[in-house]
Trainee: 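Please read through the structure below; I'll follow up with questions.
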Amino acid sequence: MKALFTVYLSLLLLLALTLAAHHWPLGHWQTPLALSIAALKAVLVAWFFMSLKTSHGLHRLFASAGLLWIVFFYLLAGLDFYFRVALPKALL
Amino acid sequence: MNSETQITVDSRYDLDTSLLGMWVFIAMETLFFGGALFLYWAERHMYPEVFALGSRHLETGLAGFNTFVLLTSSLSMAASVRFLEDERPRMASRALILTALLGALFLALKGYEYVLDAQHGLLPGVFYHPEFSAPKELYLFFSIYLFLTGLHAVHLIIGVSWCSVVARQVHRSARRSTRGLKSHRAATEVLGLYWHFVDIVWVLLLPLLYLIGA
């Protein structure tokens, strides 16, 4: 139970850091920093609260599969979004 | 193999299978929210200033407090699982009730936030009439905001209802057999995975929606 409270306090500290960093003049670094803190919070919740730390290897595999598919999805959809060119009217 | 050992082996198998099923569901949900978040990124990439403007008009303090509420609910959910592992069903039931109450508090505050948004004319639809001179693309930001937070709220409504049912079952099984308690442990752990996933979604939505423009 002590470990759960330690994780909880870490999550609250990270939340306070995110809200404080919102007022710092970080420019373009603001979103990457806020997202990095959010990702760290997500990892803490998944590893300790969702018990990935002690869980079956198969459960970890399925948890990773979700992330892997989302990476594929973002990669392919992102390539399409950033590199799509307008087709010539003759082809339409 | 005696009957007690059989029960332990069956319960372990039931628990592992149930948890695996929930992990498959979470993988699907990750793709579901991922699609919505890609839409968000595409629109934000096209209209970065509009998204920063929209974000500045959201209730950041309220969202921060709501994150605190949801993180606390995740702690009580994790504690309920730990109480059941230690065969303390009464404490587990209380922790589950606390989790459901915190989830309900989050929903109440979110509802209050929607009322404030509507009063400022920022909710898409018939209520949309911003009090300031806004570019027309701002409607996009508030549509995505409403869709993402609404989708999260629907998941939380399901979570609160489910949590209330499991809390009642655990409370009732407190005086029953070990077998009953073990089956409720599986139900609570599966519910816990769902609850923490919904918590993670909110943790990601906070910086994406509320913390864009300082």
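Throughout, protein chains are lettered first and strands after them, A, B, ... in sequence-line order, and every chain is numbered starting at 1.
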Trainee: Where does A:Leu15 contact chain B at under 4.5 Å (heavy atoms): side chain, backbone, both or neither?
Mentor: side chain
Trainee: Does the side chain of B:Tyr210 come under 3.5 Å of the side chain of B:Ser55 through a donor N or O and an acceptor N or O?
Mentor: no
Trainee: Quick one: closest heavy-atom pair of B:Arg44 and B:Leu208, and the distance?
Mentor: NH1-O, 4.2 Å
Trainee: Taking B:Leu206, B:Leu75, B:Thr30, B:Val203 one by one, which has the highest count of heavy-atom pairs under 4.5 Å against chain A?
Mentor: B:Leu75
Trainee: Measuring heavy-atom distances to chain B, does A:Leu52 have an atom under 4.5 Å in its side chain, in its backbone, in both, or in neither?
Mentor: side chain
Trainee: Only one of B:His184, B:Met22, B:Met77, B:Glu85 forms a side-chain contact (heavy atoms from CB on, under 4.5 Å) with B:Glu189, so which one is it?
Mentor: B:Glu85
Trainee: Is it true that the NZ or CZ of B:Lys110 lies under 6.0 Å from the centre of B:Tyr114's six-membered ring and within 45 degrees of the ring axis?
Mentor: yes
Trainee: Measure distances from A:Phe5 to the heavy atoms of chain B and classify the residue's part below 4.5 Å as side chain, backbone, both or neither.
Mentor: both
Trainee: Just so I understand: if I count every heavy-atom pair under 4.5 Å between each of B:Asp86, B:Val81, B:Leu71 and chain A, which residue has the most?
Mentor: B:Leu71
Trainee: Output the option from B:Gly64, B:Pro207, B:Gly61 having the highest count of non-hydrogen pairs under 4.5 Å with chain A.
Mentor: B:Pro207
Trainee: If we define contacts as heavy-atom pairs under 4.5 Å, which of A:Tyr74, A:Phe62, A:Trp69, A:Phe73 has the most with chain B?
Mentor: A:Tyr74
Trainee: Begin with the C-alpha distance, continue with both residues' side-chain angles, and end with the deciding distance and a verdict on ring pair (Phe, Tyr, Trp, His ring centres under 6.0 Å) for B:His57 and B:Phe142.
Mentor: CA-CA 10 Å; B:His57 285 87; B:Phe142 283 105; 7.5 Å; no
Trainee: Non-hydrogen atoms of chain A under 4.5 Å away: do they reach the side chain of B:Phe197, the backbone, both or neither?
Mentor: both
Trainee: Distance-only, no hydrogens or angles: does the A:His59 side chain make a donor-acceptor pair with backbone N or O of B:Asp16 under 3.5 Å?
Mentor: yes
Trainee: Tell me, for B:Trp195 versus chain A, whether the close heavy atoms (under 4.5 Å) come from the side chain, the backbone, both or neither.
Mentor: neither
Trainee: Side chains of B:Thr188 and B:Ser80: is there a donor and an acceptor less than 3.5 Å apart?
Mentor: no
Trainee: At a heavy-atom separation under 4.5 Å, does A:Tyr8 approach chain B through its side chain, its backbone, both, or neither?
Mentor: side chain
Trainee: So which residue, B:Ala42, B:Gly35, B:Ala63, B:Ala27, ends up with the most heavy-atom pairs under 4.5 Å with chain A?
Mentor: B:Ala42
Trainee: How many angstroms lie between atom CD1 of B:Ile26 and atom CZ of B:Phe32, to the nearest 0.5 angstrom?
Mentor: 14.5 Å
